[in-house]
Protein chains: 2
Amino acid sequence: MIVDPSADDRLDRAFMALADPVRRGIIARLSRGPATVNELAEPFEITKQAVSKHIQVLEQAGLVTRTRDAQRRPVHLDARALQALTAWIDRYRLIHEQRFRNLDELLATSRGTDAAASDAGTSAGTAQEEMES
Amino acid sequence: MIVDPSADDRLDRAFMALADPVRRGIIARLSRGPATVNELAEPFEITKQAVSKHIQVLEQAGLVTRTRDAQRRPVHLDARALQALTAWIDRYRLIHEQRFRNLDELLATSRGTDAAASDAGTSAGTAQEEMES
DNA sequence: TCCTTGATCAACCATTTGATTGATTACAAA
DNA sequence: TTTGTAATCAATCAAATGGTTGATCAAGGA
């Protein structure tokens with residue numbers, strides 16, 4: 001039904017998919033190789049149907065794919081979606097850390113010129129670039 | 001109310017917190033420096049109360065902290081939580097990629113010995129290590 | 001063909017989420 | 001003290017999530 005899942009939507013689904021310990025457990029298991037729904041359901045105390053739903057969530061998030069093997073339906077991890085998540089996180093984490101390095105430099109050069117250090121940037125809205133790529 | 005938020009709970013909250021474009025926008029803005037609720041609410045077409053709730057979600061996830069400045073309450077990014085997320089993701093992404101490298105080696109050494117390549121590992125549960133650290 | 005296994009579909013239910021409006025707290029300035 | 005501003009609290013609501021049970025589909029094997 002969804003025609004054009006925007007970048008936002010894809011990030012929404014992927015982050016949401018990982019916001020559940022069962023689904024993270026499934027990802028952890030799949031990092032070691034493909035598995036069937038029954039195999040994936042085994043460690044958890046919920047019904048197979050519930051696990052099947054979790055796999056659907058992971059699939060719609062692009063984190064896993066399903067193939068066919070007779071009546072089995074092995075689930076495979078797709079690491080590219082994981083990489084997209086770390087890319088998003090690291091982007092802003094690195095901007096934040098760069099800001100701290102710049103602040104350190106500022107403090108190192110203009111030592112003694114106080115009052116700019118305590119909460120520098122509370123209303124520092126210099127360049128308003130795009131929020132999400 | 002919550003006494004001991006487990007590692008699972010913390011990951012739950014953090015991933016869930018990022019599964020929303022408004023909250024990701026807030027994180028993006030805070031990567032450039034602290035901001036007040038009003039400043040953070042400005043780009044969005046929702047009420048300040050809604051933004052305040054989003055900030056609470058981010059705060060409970062450990063992604064941001066709030067300080068005091070008279071009647072203002074500047075919000076600061078806490079990059080350590082972001083690092084915890086990339087650590088979790090990269091852990092399993094790297095295991096997955098290592099498995100592919102191993103598979104490549106296997107194919108390189110025993111070329112001609114087929115049938116192990118198509119779906120190697122469908123029931124490969126060698127070592128059952130802990131799912132989450 | 002009949003039966004078993006693997007997996008999904010469908011309907012339903014309790015809880016949570018995201019948002020709203022209106023009232024209230026906290027602080028500063030007049 | 002009164003006024004104004006920043007922010008949260010409280011009550012409410014529609015929609016989504018996570019789980020269940022029961023029925024159904026698909027593919028082999030007896």
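Note: hydrogens, waters and symmetry copies are ignored here, and every other heavy atom, side chains too, is used. All figures in this text were calculated on a predicted structure; none of them were measured in a lab.
With A:Ile26 as the partner, the side-chain contact (heavy atoms from CB on, under 4.5 Å) test is satisfied by one option alone out of A:Val57, A:Leu40, A:Asp20: A:Leu40.
Counting 5' to 3', DNA chain D first comes under 4.0 angstrom of a heavy atom of chain A and last does so at the ends given by D:dG18 to D:dG28.
Residue-to-nucleotide proximity on DNA chain D shows that, of A:Glu45 and B:Ile55, the 5′-proximal contact is made by B:Ile55.
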>> Working note: A:Leu18 + A:Arg23, criterion side-chain contact (heavy atoms from CB on, under 4.5 Å); need CA distance, chi angles, decisive distance, verdict.
In response: CA-CA 6 Å; A:Leu18 294 184; A:Arg23 290 194 291 259; 5.8 Å; no
Exercise for the section: Go through the steps to decide whether A:Val37 and A:Val51 satisfy the test side-chain contact (heavy atoms from CB on, under 4.5 Å), and finish with yes or no. Expected result: CA-CA 7 Å; A:Val37 174; A:Val51 172; 4.3 Å; yes
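The distance from atom CD of A:Glu39 to atom P of C:dG6 is 10 Å, rounded to the nearest whole Å. In this entry the distance linking CZ of A:Arg72 with P of C:dT5 reads 12 Å, nearest Å.
B:Phe100 and B:His96 have their aromatic ring centers within a separation under 6.0 angstrom.
Rounding to the nearest 0.5 angstrom, the gap separating the CD1 atom in B:Ile27 from the CG atom in B:Leu63 is 5.0 Å. A:Leu94 contributes atom CG, which lies 10.0 Å from atom CG of B:Leu82 (distance to the nearest 0.5 angstrom).
With contacts defined as side-chain heavy-atom distances shorter than 4.5 Å, the pair A:Phe15/B:Arg24 qualifies. Side-chain contact between A:Ile46 and A:His54 is present, with heavy atoms from C-beta onward closer than 4.5 Å. In this structure, A:Arg66 and A:Gln56 have side chains that are in contact, with non-hydrogen atoms separated by less than 4.5 Å.
Of the possible donor and acceptor atoms, one in the side chain of A:Glu39 sits under 3.5 Å from a partner among the backbone N and O of A:Thr36.
The side chain of B:Thr47 contributes no N or O atom lying less than 4.0 Å from OP1 or OP2 of C:dA19.
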Give every pair of a protein N or O atom and an N or O atom of nucleotides 14-18 of chain C that lie under 3.5 Å apart, one pair per line with the distance.
unit_1 : atom_1 : unit_2  : atom_2 : d
C:dG18 : OP1    : B:Arg23 : NH2    : 3.0
C:dG18 : OP2    : B:Arg23 : NH1    : 3.2

Could you list all N or O pairs between the protein and nucleotides 22-29 of chain C that sit under 3.5 Å apart?
unit_1 : atom_1 : unit_2  : atom_2 : d
C:dG22 : O6     : B:Gln49 : NE2    : 2.7

